[in-house]
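Source: prediction; values computed, not measured. Basis for what follows: all heavy atoms, side chains included, without hydrogens, waters or symmetry-related copies.
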Amino acid sequence: MAIKIYNTLTRQKEIFKPIEEGKVKMYVCGPTVYNYIHIGNARPAIVFDMVRRYFEYRGYDVNYVSNFTDVDDKLIKAAKELGEDVPTIAERFIKAYFEDVGALGVRSADAHPRVTETMTEIIEFINGLIEKGFAYEVNGDVYFSTRKFENYGKLSQQSIDALQSGARIEVEQQKVDPLDFALWKVAKPGEISWDSPWGKGRPGWHIECSAMVKKYLGETIDIHAGGQDLSFPHHENEIAQSEAMTGKAMANYWMHNGYINIDNEKMSKSLGNFILVHDILKKYDPEIIRFFMLMAHYRSPINFNDELLNSAGTGLERLKNAVQNLEYRLEETADLGKNESEWVAKIDAEKEKFIREMDDDFNSANAIAVLFDLAKLANVYLREDHTQKVVLQKFLETFNELADVIGLQLSSPKELLDEEIEKLIEQRNEARKNKDFALADKIRDDLKDMNIILEDTPQGVRWKRE
RNA sequence: GGCGGCAUAGCCAAGUGGUAAGGCACGGGUCUGCAAAACCUUUACCCCCGGUUCGAAUCCGGGUGCCGCCUCCA
């Protein structure tokens, strides 16, 4: 079995073949850190974290790199507005990024390079492009000669001439061709800047990724990923820069996640209809956000609203209940050493199905459906009077293993109740024994006010937090 | 104008040739002192019109509608 990836470059699913056996070199375009990230920025972080986890689950050694754009026009503008300097703002929102995304279960990359820490490599890269005749300098600005790169437009499948007619932005007069894009921008008075062979300035947006990919992962990498809106022009320009420089493919597979929509319209900072992760986490459990995003395929657009999040939350609750049901019963079960290979086989079949779905372009939607099937199977098994430890353990192991690939924690840590609550539960048991249901129900209601939910099962009373 | 995507139940969402997964919601039932959890059960002319095929949600052609990209954007 092999992993298949939808490659934006070829517009089809392809079998993943790593450059180096057993290894994945992967680069994901990160945020510009001039504000808190919105949930649209969170989507690539989450889905490619899932991709990374799956590769690891399948035994690959993943080298995962994701950048921070910590100097650019938006940061300079934000600095001016806030009366702070660029590094201060960048630092603050990088910290916030790790907090937000960490809450969403996204693991740290192996490297998180920043533009300001990659300046030497960026300048070298631009120099190389000038030497090779792919770039030129005008009054301290440096531009890439787009038309000199033969395959320009191959990722977005645009012909270079069609692009020209579509240009809506006012063209800077000094460009030789309107399609040329900036590699280096001359500093305006008072702006943050770095020394370069072309005078004081800062890098253009696209060059950082080319330089970072080369520095951290090499000339050709396995997977380059990001949001769909980056495919043009950002990724197109990266390809032009890198491939002009090395003469080799920049990445073998290009992956793009779909947008998040609000009321069926793309959410973006420019439209102003964005939801900050920072804010939404005050309202929803972070794992619900993650679960919701992975319930759809990563390439599909998803809508975001309260109704959808709440229903995802209920679904997640169902999975957690199944795991709790298993855990609870495990405590009550002795191993009778009975042969239960039939159930074990059923569980293994679900696991295989999960792998098959994930192999198919990381279909987490179907993989999660398998988790629901597994939950159903577990609950059916739990209806039997005599359960077996081996089977319960097998269920739990499988749940934990597969949920971890999705990045979810289904079992909740064991905790003890304080004595007062224990006493109340005891009193209620007494009341029930004496058929004093009024008192029993009152105690149950009181406990509910303390966010303790009681459930009476054939094996006894159990509780959980609301 | 150029390029691309999408249209599946009340809502969300898989499914790219073999007769429609899964979740949420709703109704009916079982279990329960009552609940909860759980199980069983009901609910789809797959946007429209043609075509190819023994067979189409799936492939092809033509519509309709929505969305995105065409140098701020994840």
What is the nucleic acid contact for [X], judged by heavy atoms within less than 4.0 Å: base, sugar-phosphate only, or nothing?
X         : answer
Gly258(A) : base
Asp441(A) : base
Phe437(A) : base
Ile260(A) : base
Ser159(A) : nothing
Arg11(A)  : sugar-phosphate
Gly226(A) : sugar-phosphate
His297(A) : sugar-phosphate
Ser268(A) : base
Leu454(A) : base

Strand partner of [N], provided both Watson-Crick or wobble distances fall under 3.5 Å:
N      : value
A21(B) : none
G50(B) : C60(B)
G68(B) : C3(B)
C45(B) : none
A38(B) : U30(B)

Among the nucleotides [options], which one has an atom lying closest to any side-chain atom of [X]?
X         : options                : value
Asp456(A) : A37(B), A14(B), G33(B) : G33(B)
Trp205(A) : C24(B), C12(B), C72(B) : C72(B)
Arg444(A) : C34(B), G22(B), C24(B) : C34(B)
Gln157(A) : G4(B), U71(B), A35(B)  : G4(B)
Ala296(A) : A14(B), A37(B), G33(B) : A14(B)
Asn325(A) : C12(B), A38(B), A74(B) : A38(B)

Does the pair Asp404(A) and Arg53(A) meet the rule for a salt bridge (Lys or Arg N to Asp or Glu O under 4.0 Å), with working shown?
-> CA-CA 8 Å; Asp404(A) 189 56; Arg53(A) 284 168 185 264; 3.6 Å; yes
Consider only side-chain N and O atoms of Tyr34(A) and Asp72(A), and report whether a donor and an acceptor are under 3.5 Å apart.
-> no
Axial cation check for Tyr6(A) ring with Arg299(A), 6.0 Å and 45° limits = yes
Check Gln174(A), Lys175(A), Lys185(A) against Tyr143(A) for a side-chain hydrogen bond (donor to acceptor under 3.5 Å, both in side chains) and give me the one that passes.
-> Gln174(A)
Enter the distance from Asn35(A):CG to His278(A):NE2 here, rounded to the nearest 0.5 Å.
-> 10.0 Å
CD/Glu331(A) to CZ/Arg329(A) distance, rounded to the nearest 0.5 angstrom?
-> 12.0 Å
Starting at [atom1] of [X] and ending at [atom2] of [N], how long is that distance when rounded to a whole Å?
X         : N      : atom1 : atom2 : value
Asp445(A) : C34(B) : CG    : C1'   : 11 Å
Met267(A) : C72(B) : CE    : P     : 19 Å
His235(A) : C69(B) : NE2   : C1'   : 14 Å
Lys13(A)  : A14(B) : NZ    : P     : 11 Å
Asn305(A) : C12(B) : CG    : C1'   : 10 Å

What about the rings of Phe98(A) and Phe93(A), do their centers lie closer together than 6.0 Å?
-> no
May I ask you to check whether His206(A) and His235(A) place their ring centres under 6.0 Å from each other?
-> no
N or O in side chain of Asn41(A) less than 4.0 angstrom from A74(B) OP1/OP2 | yes
For A14(B), does OP1 or OP2 lie under 4.0 Å from any side-chain N or O of Ser300(A)?
-> yes
Name the pairs: protein N/O against N/O of nucleotides 65-68 of chain B, kept only if under 3.5 Å.
{"residue": "G68(B)", "atom": "O2'", "partner": "Tyr259(A)", "partner atom": "OH", "Å": "2.9"}

Lys/Arg N to Asp/Glu carboxylate O, [X] vs [Y], below 4.0 Å:
X         : Y         : value
Glu430(A) : Lys433(A) : yes
Arg114(A) : Glu208(A) : no
Arg147(A) : Asp180(A) : no
Glu14(A)  : Lys4(A)   : no

Is Asp161(A) side chain donor-acceptor paired with the G2(B) base, going by distance under 3.5 Å alone?
-> no
Residue mapping more 5' on RNA chain B - nearest nucleotide basis, Pro44(A) or Val370(A) | Val370(A)
C1'-based separation of A13(B) from G18(B) [nearest Å] = 23 Å
If the P atom of U43(B) is compared with that of U32(B), how far apart are they to the nearest Å?
-> 28 Å
Per the side chain to side chain contact (heavy atoms under 4.5 Å, CB included) rule, which among Ile289(A), Asn41(A), Ile39(A) passes with Val277(A)?
-> Ile39(A)
In residues 68-81 of chain A, what residues come within less than 4.0 Å of RNA chain B, judged by heavy atoms?
-> Lys74(A)
Protein and nucleotides 39-42 of chain B: nitrogen or oxygen contacts under 3.5 angstrom:
{"residue": "C39(B)", "atom": "OP2", "partner": "Arg318(A)", "partner atom": "NH1", "Å": "3.4"}
{"residue": "C39(B)", "atom": "O2'", "partner": "Arg383(A)", "partner atom": "NH1", "Å": "2.8"}
{"residue": "C40(B)", "atom": "OP2", "partner": "Lys376(A)", "partner atom": "NZ", "Å": "3.1"}

